Amino acid sequence: MGNTSGCCCQSEEGRPVERIQLDSSLVPDEGECFAVFESSGSKDATGDGENPFDGVDAASVVATTLKRAENLLAGGRYDVLGAEQVLAQAIASLEARSEASARAAASPSSERTTAADAASSASDVGGGLDMTAEEPGSGQPGSGPPGDADTDRGAPASQATTAATSDEAEQADADRAHVARVLSSPTFREVSDRVAQFDASVSSLYTQGFKTLFDSASGKFEMRAAPNRRWFEYRMTVDIDAPLTECLSTGHEVDLLPQAQPLVSQSVMLGKPFGFNFTSMMRLGFPLIQPEVLIEVVRHRDHKFGYLIEVVRSEFASDDVPPKGWGVVRPWVFHTNLWIPRGGGKVGTTIVQVSRVDCTMAVPSWFLNVLLTKMSSAFIQDLRSSALKAMQPSSPWAQRIKEDKDGFYKELRSVETLAASRREVRVDSVPGVDIFNRPWRLRPPELDTRPPSSRTAQG
C-alpha cells in the first residue's frame, strides 16, 4: 500500500473527530477532507453511550457476542452493520476490563507496600517518643531485639499484597485472553473486512476534486482522474421516479440482466444467491474481445435515516469462480451505489453511484473529459430506464417483486417506510456523511481501493 494521509477537523459540537486514513494519491491538492467518523475508545472498537456488556461475565460476553454476530450474518440476512455493533460493544467492554486489570496488577504492589511502610514508620516514630519504654526483654512495648516487631508487623501486609497482585495478574491474563478470542475469531475477521469495505465505499462517495461534466435538475455526472492518470472515477447523482424495490430489482434478478442491459449477453449467479450478499458473472457482447465481469455485491441497509448502500468489487475469494477461458478479459471493478428513498411521503429514489476505472496506462485528462461528457447523459438515462421497465406490471421484475422468494423486497420496503417520515431527498439535497455514523463501530485497517496496476509508492 502507498503512503497514507488524513485530515483532522472537529465535529459540530467542537469535539475532535478522526478521519479515515486514505491513500495520498486520493487526497486532492486542495487538502479537502473525506469521510468523518467519530472516534473514542480502544484501538479495535469505538463507541458512544451505554454498553450493554458492561458488568456481564467476560466468558458470557464472548460466547453471546460471537453467537449473535454469526446469526446476524447467517443466510440472506447478512446484516454486517448489526454484527459490527455487537462486536464493537463487546470488544470495547472486554478491552476496558483488560486495561483496568493490567493497571491494577501493576500498581497495587507499590501502593500497598508504601501504605505498610507508612504504618511501620508511624509505629517506629511513636516508639521513639515513648520515654517510658522498659529495658530490653521486659515484655513491654519497645522491648526485645530491635527489628523483630517490625518484621512481624510487615509480614501480613506484604503477604496480602503479594497474593492480591498475583490474583490481579491472573485476571489481567484472563481478560486479555477473552479479547484475543474475539479478535481471532473468523466472525470478527469477516465483519472487520466488510466494515473496511463499507468505510472505503462511503469515503469514495464524498471524495473531493471531481469535475462536473453534465448537470441538470434531475441528474449530475462528474469525473476525477487520479494523479498518475492511470485510473479515473466518475460519480453520477440521479433522481429516479421509481420506488427502491423497482430500482434494485433489475440488478438483483441476475438472470434477467440481459433484458435490462443490452450490452450484457449472459449473466449467472455464482454460488447460492442471497439478497444482501452474492457473487455473479456477466458476459458482455463485444465483437473483438470477451469481457467477463465477476463481481461480489454486499448490501448494507440503514433503518435510522433510511438508505441502502451496495459495495461492488471484483476482488473477492470464492470457490465458485470458473476458470478463465482463452481470450477472456476480466476487468477490475470497485463500484459503490448509494440508494436513498425519496422520503417526505413521496415516491422516488435518488442514487449516488461512484465507479473507479483502471486504464492500466496514463490517459490524458482532456480525452477522458471528451469521452465521458458524450457518454454521461446515456449513463444517466440507462439508470432511469431500467427502473421504469421494472415498474411495468407485466414485466418479469414486477412478478419477481410480487413473489419475493427470499424476503429481499420486504426488507427494501421497510427502508422506504422509515424514510417516508423524514425530509425529502433529491439530487441537490443529498445528505452528508454523518448519516453513516454508527454509535458503536469497529476500526479495521484501511482498504486500498486503487486498481492493482497503481498500487505502488508512486501510484
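We use all heavy atoms of the structure for the numbers below, so side chains are in, but hydrogens, waters and symmetry mates are not. Values in this document were obtained by computation on a predicted structure and should not be read as measured data.
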- [ ] Evaluate the side-chain proximity of C247 to I351: yes if any heavy-atom separation is below 4.5 Å, no if none is.
- [x] no
Open item on the list: Using side-chain heavy atoms (C-beta onward) and a distance below 4.5 Å, is K211 in contact with S365?
Closed with: no
Open item on the list: A side-chain contact here means heavy atoms from C-beta on lying under 4.5 Å apart; do L447 and D199 qualify?
Closed with: no
TODO: Kindly compute the distance separating CD1 (I309) from CG (D302), expressed to the nearest 0.5 Å.
DONE: 10.5 Å
- [ ] Under the side chain to side chain donor-acceptor pair (under 3.5 Å) rule, what do R97 and S93 come out as? Steps first, then yes or no, please.
- [x] CA-CA 6 Å; R97 300 179 202 198; S93 179; 3.3 Å; yes
TODO: Can you measure from CZ (R438) to CD (E84) and round to the nearest 0.5 angstrom?
DONE: 4.0 Å
Task: Side chains of D358 and S453, donor plus acceptor under 3.5 Å - done: yes
TODO: Please round to the nearest 0.5 Å and tell me the distance separating atom CG of L87 and atom CH2 of W440.
DONE: 12.5 Å
Open item on the list: Quick check: Y234 with F210 (ring centres under 6.0 Å apart)?
Closed with: no
Task: salt bridge (Lys or Arg N to Asp or Glu O under 4.0 Å) partners of residues 333-345, not counting sequence neighbours, each pair once - done: D241-R342
Open item on the list: Could you measure the distance from the CD1 atom of I401 to the OG1 atom of T245? Nearest 0.5 Å is fine.
Closed with: 4.5 Å
Task: Residue F316 excluded, over 12 heavy atoms near CZ under 6.0 Å - done: yes
TODO: Please examine the side chains of S203 and E446, heavy atoms only from C-beta on, and report whether any two atoms are closer than 4.5 Å.
DONE: no
Task: Candidate pair W339 and L412, rule side chain to side chain contact (heavy atoms under 4.5 Å, CB included), full reasoning - done: CA-CA 10 Å; W339 301 91; L412 297 186; over 6 Å; no
- [ ] Applying salt bridge (charged side-chain N to carboxylate O under 4.0 Å, His left out), run through K272 and D406 and close with a yes or a no.
- [x] CA-CA 12 Å; K272 189 174 181 179; D406 57 6; over 6 Å; no
- [ ] Could you tell me whether a side-chain N or O of T373 sits under 3.5 Å from a main-chain N or O of N369, the two making a donor and an acceptor?
- [x] yes
- [ ] Would you check if the side chain of T237 reaches a backbone N or O of V427 as a donor-acceptor pair within less than 3.5 Å?
- [x] no
Open item on the list: With heavy-atom distances below 4.5 Å as the criterion, would you say the side chains of R423 and P431 are in contact?
Closed with: yes
Open item on the list: I need the minimum non-hydrogen distance between A196 and P445, along with the two atoms involved.
Closed with: CB-O, 3.7 Å
- [ ] Keeping the roles fixed (side chain from T65, backbone from V62), state whether a donor-acceptor pair exists under 3.5 Å.
- [x] no
Open item on the list: Please verify the inter-ring angle class for F436 with F198; under 30° counts as parallel, over 60° as perpendicular, anything in between as tilted.
Closed with: perpendicular
- [ ] Take K389 and L256, measure what side chain to side chain contact (heavy atoms under 4.5 Å, CB included) needs, and give me the verdict at the end.
- [x] CA-CA 12 Å; K389 287 179 183 179; L256 299 179; over 6 Å; no
Open item on the list: Check this for me: E403, atom CD, are more than 12 non-hydrogen atoms of other residues, nucleotides or ligands nearer than 6.0 Å?
Closed with: yes
Open item on the list: With rounding to the nearest 0.5 angstrom, report the CG to CZ distance, L94 to R176.
Closed with: 13.5 Å
TODO: Taking all heavy atoms of S98 and all of A172, pick out the closest pair and write down the distance.
DONE: OG-O, 4.4 Å
Task: Minimum heavy-atom distance E50-P52, with the two atoms named - done: O-CD, 3.6 Å
Open item on the list: When you measure from the side chain of S385 to the backbone of D382, do you find a donor-acceptor pair of N or O atoms at a distance under 3.5 Å?
Closed with: yes
TODO: Look only at the side chain of E416 and the backbone of L244, and say whether a donor-acceptor pair between them is shorter than 3.5 Å.
DONE: yes
Task: Inter-residue atom distance Q290.CD - L284.CG, 0.5 Å rounding - done: 11.0 Å
Atom pairs and distances, side-chain donor-acceptor, residues 71-82, under 3.5 Å, sequence neighbours left out:
{"unit_1": "N71", "atom_1": "ND2", "unit_2": "K67", "atom_2": "O", "d": "3.3"}
{"unit_1": "Y78", "atom_1": "OH", "unit_2": "E190", "atom_2": "OE2", "d": "2.7"}
{"unit_1": "Y78", "atom_1": "OH", "unit_2": "R194", "atom_2": "NE", "d": "2.9"}
{"unit_1": "D79", "atom_1": "OD1", "unit_2": "G82", "atom_2": "N", "d": "3.0"}

TODO: Apply side chain to side chain contact (heavy atoms under 4.5 Å, CB included) to H303 and V415, showing your working.
DONE: CA-CA 6 Å; H303 289 96; V415 174; 3.9 Å; yes
- [ ] Kindly indicate whether the side chain of R235, heavy atoms from C-beta on, has any atom under 4.5 Å from the side chain of Y206.
- [x] no
- [ ] Would you sort out whether H300 and S201 count as a side chain to side chain contact (heavy atoms under 4.5 Å, CB included), showing the intermediate values?
- [x] CA-CA 11 Å; H300 308 272; S201 288; over 6 Å; no
Open item on the list: Is a donor from one side chain sitting under 3.5 angstrom from an acceptor on the other, for H335 and N337?
Closed with: yes
Task: Any side-chain heavy-atom pair of L383 and Q353 under 4.5 Å - done: yes
- [ ] Please lay out, stage by stage, how Q171 and D175 fare under the test side chain to side chain donor-acceptor pair (under 3.5 Å).
- [x] CA-CA 6 Å; Q171 184 61 52; D175 288 336; 3.0 Å; yes
Task: F232 side chain near V363 side chain, heavy-atom distance below 4.5 Å - done: no
Open item on the list: Less than 4.0 angstrom from a charged side-chain N to a carboxylate O is my criterion; do D404 and K410 meet it?
Closed with: no
- [ ] With sequence neighbours left out, write down each residue that passes side chain to side chain donor-acceptor pair (under 3.5 Å) with S192, or none if nothing qualifies.
- [x] none
Task: Donor-acceptor contact below 3.5 Å, side chain R422 vs main chain F305 - done: yes
Open item on the list: Checking T449 against R356: is there a side-chain donor and acceptor pair closer than 3.5 Å?
Closed with: yes
Open item on the list: Side chains of T417 and R413 only: does a donor on one sit below 3.5 Å from an acceptor on the other?
Closed with: no
Task: Closest approach of F188 to L183 (non-hydrogen atoms, all atoms of both residues) - done: CD2-O, 3.2 Å
- [ ] Check whether any side-chain N or O of S314 sits under 3.5 Å from a backbone N or O of V333 as a donor-acceptor pair, and report yes or no.
- [x] yes
Task: Side chain R299, main chain G275, donor-acceptor under 3.5 Å - done: yes
Task: Heavy atoms from other residues, nucleotides or ligands near NZ of K374 exceed 12 (cutoff 6.0 Å) - done: no
Open item on the list: Would the distance check show the side chain of R455 and the main-chain N or O of R450 forming a donor-acceptor pair, the cut-off being under 3.5 Å?
Closed with: yes
Task: Residue pair M281 / L294: nearest heavy atoms and the distance that separates them - done: CG-CD1, 3.6 Å
Open item on the list: Please give me the minimum heavy-atom distance between A242 and V347, naming the atom from each residue.
Closed with: C-CG1, 4.4 Å
Task: T207 vs R224, side chain to side chain donor-acceptor pair (under 3.5 Å): CA-CA, chis, key distance, verdict - done: CA-CA 9 Å; T207 299; R224 187 179 80 90; 5.3 Å; no
- [ ] Apply side chain to side chain donor-acceptor pair (under 3.5 Å) to W397 and E246, showing your working.
- [x] CA-CA 8 Å; W397 298 282; E246 278 73 6; over 6 Å; no
Task: With L257, the side chain to side chain contact (heavy atoms under 4.5 Å, CB included) member among H252, Q266, M282 - done: M282
